[in-house]
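Here's the structure we're looking at; comments come further down.
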Amino acid sequence: RKLKTLTEDVFYLPEIDRASVESLFTPGVSYVEAAPGGFVGGTVVPEGFSPDPETFARIRKNIRHSSKAMGLTSEDLRSALVSARVRTDSDVDYRAFAKTLGQEIRRKHQDARTDVHIIGYPMLRGAMAEGWIRWLALTAWLLAAALLLIHHTTRSFRTTARIAAESGAVVLWQLGL
């Protein structure tokens, strides 16, 4: 049931391309097997799913007959994947989207028995944006500390400003600007 609700929650995120969502519960994940009378197939998780041992045995059998479902589960069938692509037709705020995934989706579905790992480009972009903001804050703090130390040593605002301007010019020159 958790995988089904996780799939639905990912499906309804506004930044997600709904046609790209894949998990064991999506209709595009099907199996085909050879039977005495021809080929038999269907969705990996049958309609009217109920969490009983017979249904789980059938799902395990269906997964083994589906190449797509094998790519969405681990070899021991203890882990499953929900895959989705970000919409390309909209301007996505990756920092906010990564925070949504990390806080709302993970918090709702992770517990003592279930680990939720969110990976991919949106999480990378969100982490990069967050890291960039922290880097800017650290740089500003270090610059302020350096200016305070220079002023404390020289006891002159004019000399401190001159040293800061010259140092800034050197940095810009080294960056090629």
| query | If we only count heavy atoms from C-beta on, is the Phe157 to His151 side-chain gap below 4.5 Å? | reply | yes
Can you tell me if [X] uses its side chain to pair, donor with acceptor, with the backbone of [Y] under 3.5 Å?
{"X": "Ser20", "Y": "Arg85", "value": "yes"}
{"X": "Thr153", "Y": "Leu149", "value": "yes"}
{"X": "Asp17", "Y": "Arg87", "value": "no"}
{"X": "Thr100", "Y": "Ala96", "value": "yes"}
{"X": "Gln110", "Y": "Val116", "value": "yes"}
{"X": "Thr160", "Y": "Leu147", "value": "no"}

Are [Y] and [X] connected in a single hydrophobic cluster, I mean Ile/Leu/Val/Met/Phe/Trp/Tyr linked by side-chain heavy atoms less than 4.5 Å apart?
{"X": "Ile133", "Y": "Phe97", "answer": "no"}
{"X": "Tyr12", "Y": "Val21", "answer": "yes"}
{"X": "Ile59", "Y": "Val40", "answer": "no"}
{"X": "Leu148", "Y": "Ile150", "answer": "no"}
{"X": "Val45", "Y": "Phe56", "answer": "yes"}

Heavy-atom pair of closest approach, residues [X] and [Y]:
{"X": "Gly102", "Y": "Arg106", "result": "O-CB, 3.1 Å"}
{"X": "Ala98", "Y": "Gly126", "result": "CB-CA, 3.7 Å"}
{"X": "Thr43", "Y": "Pro27", "result": "CG2-O, 3.9 Å"}
{"X": "Glu130", "Y": "Arg95", "result": "OE1-NE, 2.9 Å"}

Under 3.5 Å, sequence neighbours excluded: what are the donor-acceptor pairs made by side chains of residues 4-11?
{"from": "Thr5", "atom 1": "OG1", "to": "Arg1", "atom 2": "O", "distance (Å)": "3.3"}
{"from": "Thr5", "atom 1": "OG1", "to": "Lys2", "atom 2": "O", "distance (Å)": "3.0"}
{"from": "Thr7", "atom 1": "OG1", "to": "Leu3", "atom 2": "O", "distance (Å)": "2.7"}
{"from": "Thr7", "atom 1": "OG1", "to": "Ser23", "atom 2": "OG", "distance (Å)": "2.7"}
{"from": "Asp9", "atom 1": "OD1", "to": "Lys108", "atom 2": "NZ", "distance (Å)": "3.4"}
{"from": "Asp9", "atom 1": "OD2", "to": "Lys108", "atom 2": "NZ", "distance (Å)": "2.9"}
{"from": "Asp9", "atom 1": "OD2", "to": "His109", "atom 2": "NE2", "distance (Å)": "2.7"}

| message | Angle between ring planes, Tyr31 versus His65, binned at 30° and 60°: parallel, tilted or perpendicular? | response | tilted
| said: Tell me whether Leu138 at atom CG has more than 12 heavy atoms from other residues, nucleotides or ligands lying less than 6.0 Å away. | reply: yes
| field | More than 12 heavy atoms of other groups within 6.0 Å of Asp76 CG | value | yes
Between [atom1] on residue [X] and [atom2] on residue [Y], distance to nearest 0.5 Å:
{"X": "Ser66", "Y": "Leu72", "atom1": "OG", "atom2": "CG", "result": "8.0 Å"}
{"X": "Leu13", "Y": "Glu104", "atom1": "CG", "atom2": "CD", "result": "8.0 Å"}
{"X": "Leu143", "Y": "Ser167", "atom1": "CG", "atom2": "OG", "result": "9.5 Å"}

| task | In sequence, state the C-alpha distance, the side-chain angles, and the governing distance for Arg162 and Glu166, and then conclude on salt bridge (charged side-chain N to carboxylate O under 4.0 Å, His left out). | result | CA-CA 6 Å; Arg162 183 173 158 214; Glu166 290 171 355; 3.1 Å; yes
| request: Verify side-chain contact (heavy atoms from CB on, under 4.5 Å) between Leu136 and Thr139, making sure each step is shown before the conclusion. | output: CA-CA 5 Å; Leu136 285 174; Thr139 301; 5.5 Å; no
| request: Run the numbers on Tyr94 and Leu124 for side-chain contact (heavy atoms from CB on, under 4.5 Å), then give the verdict. | output: CA-CA 9 Å; Tyr94 285 100; Leu124 176 67; over 6 Å; no
| field | Partner set under side-chain contact (heavy atoms from CB on, under 4.5 Å) for Leu77, not counting sequence neighbours | value | Arg60, Ile63, Arg64, Thr73
